[in-house]
Amino acid sequence: MHYYSLHKKSPSVSFKEAVVKGLAPDRGLYFPEHIEPLPKDFIQNLENYSEEEIAFKVIQQFVGNDIPKNELKKIIADTLSFEFPVVPIEDNIGTLELFHGPTMAFKDVGARFMARCLAHFYENSQEKVTVLVATSGDTGGAVANGFLGVEGVEVVILYPSGKVSTIQEKQLTTLGQNITALEVDGVFDDCQEMVKTAFLDQDIEPILTSANSINIARWLPQMFYFFFAYKQVYKKNKEIVFSVPSGNFGNICAGVMAQRLGLPIQHFIASTNSNDTISRYLENGKYLPNPSKATISNAMDVGNPSNFIRIQELFQNDLASLKKVFSSFAFNDTETIAAMRHIYTTRHYIADPHGAVGYLGCKAFQKTQPNSFYIFLETAHPVKFLPVVEDTLQTKLVIPEQIKAILPKEKKSIPISSYDELKTYLNTSSKVTLT
Ligand SMILES: *Cc1c(COP(=O)(O)O)cnc(C)c1O
């Protein structure tokens with residue numbers, strides 16, 4: 001399988017090269033040259049396949065010969081070592097819980113998959129690679145955890161000081177080993193900007209790669225979720241609608257890819273917080289990104305979603321055909337809080353703010369398609385947003401083991417406030433020891 005750059009000014013590359021580069025030299029996102037639908041009888045008999053078998057069939061064509069089949073199977077088995085249950089919420093609404101992994105957010109799957117691919121590519125190599133990543137919350141923890149102890153890979157995570165939750169911060173600052181956290185005096189966009197500048201900077205010495213959701217090895221495994229969910233509900237004989245809490249739109253774009261592979265999905269709802277660039281675009285055809293606004297669903301505080309361009313590519317940039325299967329609704333914090341309370345009081349289910357936004361998307365679209373079965377993705381465990389959830393629901397959450405283990409650990413981060421400090425760090429990091 002080859003990947004072309006969406007800016008169309010760089011040559012096509014192999015899976016391996018696309019994973020290692022992250023972004024094409026012309027700054028475009030990589031996109032597969034070909035998408036071959038899966039056999040119908042496979043999809044109609046999903047229940048006869050294990051999660052690992054499904055994942056292998058889904059991703060194999062995208063990896064091609066760059067990873068031997070048996071090695072790919074091992075990578076998948078390692079990546080998927082937890083559950084993906086669809087939990088009923090209302091008669092025609094269920095939630096796909098994607099938070100049973102080590103850092104309790106859906107990004108674990110993409111991060112673990114990517115880490116294992118890179119480990120495979122670099123295991124017998126003299127070279128080292130530095131994964132540089134900016135996080136607004138969950139990416140950092142998932143990447144730190146996924147890459148911890150992976151030989152040949154150094155991980156540098158930039159996060160905005162004071163703008164991530166305590167648990168998120170612990171998850172990315174307490175692991176040590178090959179993981180370094182740089183605490184940026186600024187907002188997420190500043191972190192992202194520094195990362196982008198570093199990738200363009202010829203004077204950076206280490207080989208850099210990105211583990212943000214634009215990397216195909218993080219993006220593509222997210223297709224699995226839609227197959228896993230479908231497997232659990234298709235016997236209902238209803239049309240299936242997915243509502244995906246969206247920030248950078250990587251997860252929902254993977255859902256559209258799953259549909260292209262032949263998964264019968266009736267409709268996609270991109271549910272967002274008040275960062276509503278896409279719902280405004282779908283309404284008036286004008287793409288006018290705003291600076292990101294802070295909300296209680298902070299992992300989706302993205303003003304200019306980087307993966308939306310891939311969705312447009314899947315529809316040949318035709319807004320009308322996109323709108324046939326894709327809607328977007330934006331909800332503010334007041335609505336999100338009301339939804340969390342409603343789900344809790346009526347169904348005794350604790351949704352985190354991102355999941356609650358997904359639920360609201362289902363309710364909004366149910367008015368048009370009342371007979372479908374709706375699945376909203378619960379992208380993070382409520383404990384990751386502990387203060388908001390406990391305040392909103394006036395209840396105490398039970399802290400899961402994964403989180404209990406990191407709470408007493410000491411935070412270690414290096415404060416930085418400018419790009420030059422990042423550069424100095426990267427070029428001297430081999431000589432620096434963190435105390
Ligand atoms: C990252 C994240 C999202 C947004 O996913 P995208 O693929 O960027 O759209 C939603 N919810 C949570 C909890 C996240 O961590």
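Both ligands and their constituent atoms are indexed starting at 1 by order of listing. What you see below is based on every heavy atom in this structure, not just the backbone, and it leaves out hydrogens, waters and symmetry mates.
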J.: Numbering the atoms of ligand 1 from 1, which are under 4.0 Å from a heavy atom of Gly250?
T.: 6 (P), 7 (O), 9 (O)

J.: Tell me the protein heavy atom at minimum distance from atom 8 (O) of ligand 1, and give that distance in Å.
T.: Asn248 N, 2.8 Å

J.: Check each atom of ligand 1 against the heavy atoms of Asp138 and keep those under 4.0 Å away; list them by number with element.
T.: 12 (C), 13 (C), 14 (C), 15 (O)

J.: Could you tell me whether Phe228 and Phe84 have their ring centroids closer than 6.0 angstrom?
T.: yes

J.: Check whether any side-chain N or O of His354 sits under 3.5 Å from a backbone N or O of Ala299 as a donor-acceptor pair, and report yes or no.
T.: yes

J.: On the six-membered ring of Phe188, is Lys163 placed so that its NZ or CZ lies under 6.0 angstrom from the centre and within 45° of the ring axis?
T.: no

J.: Would a line drawn from the ring center of Phe15 to the ring center of His2 be shorter than 6.0 Å?
T.: no

J.: I'd like to know whether ligand 1 has Phe99 as a neighbour, heavy-atom separation below 4.0 Å.
T.: no

J.: Measuring from atom 10 (C) of ligand 1, which candidate in Ser306, Pro245, Pro353 has the nearest non-hydrogen atom?
T.: Pro245

J.: What protein heavy atom lies closest to atom 14 (C) of ligand 1? Include the residue and the distance to one decimal.
T.: Lys107 NZ, 2.8 Å

J.: Strictly distance-based, threshold 3.5 Å: is any side-chain N or O of Arg310 a donor or acceptor partner for the main-chain N or O of Ile214?
T.: yes

J.: Suppose I only count heavy atoms of Met300 and a 4.0 Å limit; which atoms of ligand 1 are within that range?
T.: 10 (C)

J.: Distance-only, no hydrogens or angles: does the Lys170 side chain make a donor-acceptor pair with backbone N or O of Leu407 under 3.5 Å?
T.: yes

J.: So which heavy atom on Gln266 is nearest to which on Ser372, and how close?
T.: OE1-OG, 2.6 Å

J.: Hey, which atoms in ligand 1 end up nearer than 4.0 Å to a heavy atom of His354?
T.: 11 (N), 12 (C), 13 (C)

J.: Give the C-alpha distance, both sets of side-chain angles, the deciding distance and a yes or no for salt bridge (charged side-chain N to carboxylate O under 4.0 Å, His left out) between Glu52 and Lys73.
T.: CA-CA 8 Å; Glu52 288 172 26; Lys73 283 182 182 166; over 6 Å; no

J.: Nearest to atom 9 (O) of ligand 1 by heavy atom, Gly247, Ser271, Ala142, Ala270: which?
T.: Gly247

J.: Give a yes/no verdict on a cation-pi contact between Lys238 and Phe373, requiring under 6.0 Å between NZ or CZ and the six-membered ring centre and an angle within 45° of the axis.
T.: no

J.: Regarding atom 3 (C) of ligand 1: of the candidates Phe385, Trp219, Phe249, Phe106, which has the closest heavy atom?
T.: Phe106

J.: Among all the protein's non-hydrogen atoms, which is closest to atom 12 (C) of ligand 1, and how far away is it?
T.: Thr379 OG1, 3.3 Å

J.: Identify which of Asp301, Asn251, Asp352 has a heavy atom lying nearest to atom 7 (O) of ligand 1.
T.: Asn251

J.: Show which atoms of ligand 1 fall inside a sub-4.0 Å distance from at least one heavy-atom site of Ser246.
T.: 9 (O)

